[in-house]
Amino acid sequence: MAILETQELTYTYSMGTPFEKTAVDHVSLKIEEGEMVGVMGHTGSGKSTLIQHFNGLLKPTSGKVLLDGKDIWADKNRIRDVRFKVGLVFQYPEYQIFEETVYKDIAFGPKNMGLDEAEIKRRVHETARDIGLSEELLERSPFELSGGQKRRVAIAGVMAMEPRVLILDEPTAGLDPAGRDKILEHIKRYHERTKNTILIVSHSMEDIASFADKILVMSKAKLFCYDETVKVFARAEEISRIGLDVPQITRVFGELKHRGLDFGKEVFTVGYARDLLLRKLGEREGR
Amino acid sequence: MLRDITIGQYFPGNSIIHRLDPRFKIVITILYIVMLFTGSSYICLAVGAVYTFGAILLSRIPLKMFFKSVKPLFIFLMITALINLLFMSRGNVLFHWKFIKITDEGVNTSVFMVIRIVLLIMGSSLLTYTTSPITLTDAIERLLSPLRKIKFPVHELAMMMSIALRFIPTLIEETDKIMSAQKARGAEIDTGSFTTRAKNLISILVPLFISAFRRADELATAMECRCYHGGEGRTRLRQLKSAPRDYIALGITILFLAAVIVLSRLF
Ligand SMILES: Nc1ncnc2c1ncn2[C@@H]1O[C@H](COP(=O)(O)OP(=O)(O)OP(=O)(O)O)[C@@H](O)[C@H]1O
Ligand SMILES: [Mg+2]
């Protein structure tokens, strides 16, 4: 059974005013347990609105959101439990930091869950390690940290609740390439350790291609497609038509194919491209 | 949701009311308030109501929005009504129990007060609904400009007002975002007991203040980078020009005011 499911999910902002705007329009999809899903779409396509439904921050205007097959809005009083099961990290999450020490800020979520001190401590230390924050940082004030470190503190704050589904809204926005790679690296490692379901919203095809099992593409409030990474990038042309870029390397290989050098596979990452090319060169030399 | 707060919100449109010169609109609103408070009989209020609803119709803004603007002040209205009801000792006693005494005059005044305040809110909402905040402060600056002679910092005041107005939606949006982020971490903000809610308020206020200060800093730098140096010798992008319709609107308002004054003398 799918861990998360939406049925004809629709959400309209400012219903009944001149500012009315449908940001998510009849979206139905199923996300399976343990998957790593990349969420793409041009700006304003409704990605952030969609993911805020998964943990009940927004209530659908119409349609349903199911967690483990149960409608999350069936019992309004249990919505907080949903938020512990589905962790959501907002865009620029460092702006939500407020405690005096990094430790306390990471512990905020687990504390709200009503866990005991020992368990909170274990979780804070474990997630700090997962996200690459060293022990001595834990007692520092979060406001003295660098932007990238702050971002990681904020992500750890949600990870520490050990949600079954972790959703990150553009976790790498505004970071330099090194900071970006580090965060993605740590998220990937967290995924490997916990095998939890992860959704990452990202504008960078290169990033998404390198980690996602599946890709969800939003376009103009509608679900454009939701499929395995290979199959989505195979539709490179359609995707560029809705204003998104396929990874550069995919375009290079598309052009190569066009010119008669067919590798028979879709290529999205530079590493994979290198392997393919080396193999091809090896074949030539062998001949 | 916080975003649903409508008081002071601008509703873009192109109706005749939208197009009136904002300076005239402010003067008209002041006359309107005088009109509501001169009359002390229901007939005067009825004239005021006709004026209000006429203007609302002309503005083509759904009537619903005006009731929405009254809603946040509902409790205040009820308290005012209750005080009038309980402490009015004049008139015939309708109901007496221990120290509580309700008179017909008390009922009368509270109903009168409530209608008057509702009209007042609706009318002033019409001003803010049909005039963008920036235009509004522009007009205030113009109207107050004679005070500059007595060294009153008119421009600075207007600038502060427009900055404050400009940042209200931003801050509301920001509060909303921070609230959602903390709710995602299980903070109980609109549920839970009073003490947990109060405690969780800190988790919203701290980030909000930090971001407000950051914004203020950024804005100051940005203004300085563009060589802002106060009002001296500044020209404006949009000049305010009055048209015949402005004088007509003013004329109609004065007519209504005169009618109310005459009626209040008669009854
Ligand atoms: N609080 C709000 N009130 C009104 N409209 C909103 C609100 N939030 C978003 N919208 C509108 O809904 C649409 C979808 O917004 P959303 O934030 O979900 O897009 P997004 O795909 O996350 O974009 P981005 O890539 O820029 O983050 C946009 O057109 C936006 O203007
Ligand atoms: Mg977004």
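Since the model is a prediction, treat every value here as computed from it, not as a measurement. Letters A, B, ... mirror the listed sequences (proteins, then strands); counts begin at 1.
Environment of OH in B/Y228: crowded, with over 12 heavy atoms of neighbouring residues, nucleotides or ligands closer than 6.0 Å. The neighbour count for B/R215 CZ, taken as heavy atoms of other residues, nucleotides or ligands under 6.0 Å away, is above 12. No more than 12 heavy-atom neighbours from other residues, nucleotides or ligands sit within 6.0 angstrom of NZ on B/K199. The environment of B/E224 atom CD is sparse: at most 12 non-hydrogen atoms of other residues, nucleotides or ligands sit within 6.0 angstrom. No more than 12 heavy atoms of other residues, nucleotides or ligands lie within 6.0 Å of CZ in B/R60, so this atom counts as exposed by the packing criterion. Heavy atoms of other residues, nucleotides or ligands lying less than 6.0 angstrom from CD of A/E119 number more than 12.
Both the backbone and the side chain of A/D105 have a heavy atom closer than 4.5 Å to some heavy atom of chain B. Residue A/Y92: no heavy atom, backbone or side chain, is found under 4.5 Å from chain B. In this structure, the portion of A/M161 lying under 4.5 Å from any heavy atom of chain B is its side chain and not its backbone.
A 4.5 Å side-chain heavy-atom check between A/Y95 and B/R214 finds at least one atom pair inside the cut-off.
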Working for side chain to side chain contact (heavy atoms under 4.5 Å, CB included), residues B/L208 and A/F98: CA-CA 9 Å; B/L208 192 62; A/F98 71 99; over 6 Å; no
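A/R83 contributes no side-chain N or O that, together with a main-chain N or O of B/A184, makes up a donor-acceptor pair within less than 3.5 Å. Formation of a donor-acceptor pair under 3.5 Å by the B/Q182 side chain with backbone atoms of A/Q96 is found in this model.
To the nearest 0.5 angstrom, B/R185 atom CZ is 8.5 Å from A/N112 atom CG. The distance from the OG atom of B/S180 to the CG atom of A/L88 is 8.5 Å, given to the nearest 0.5 Å. Taking CD1 from B/I210 and CZ from A/F143, the interatomic distance works out to 3.5 Å, rounded to the nearest 0.5 Å.
Note: B/A187 leads B/P62, B/A187, B/S211 in heavy-atom pairs under 4.5 Å with chain A.
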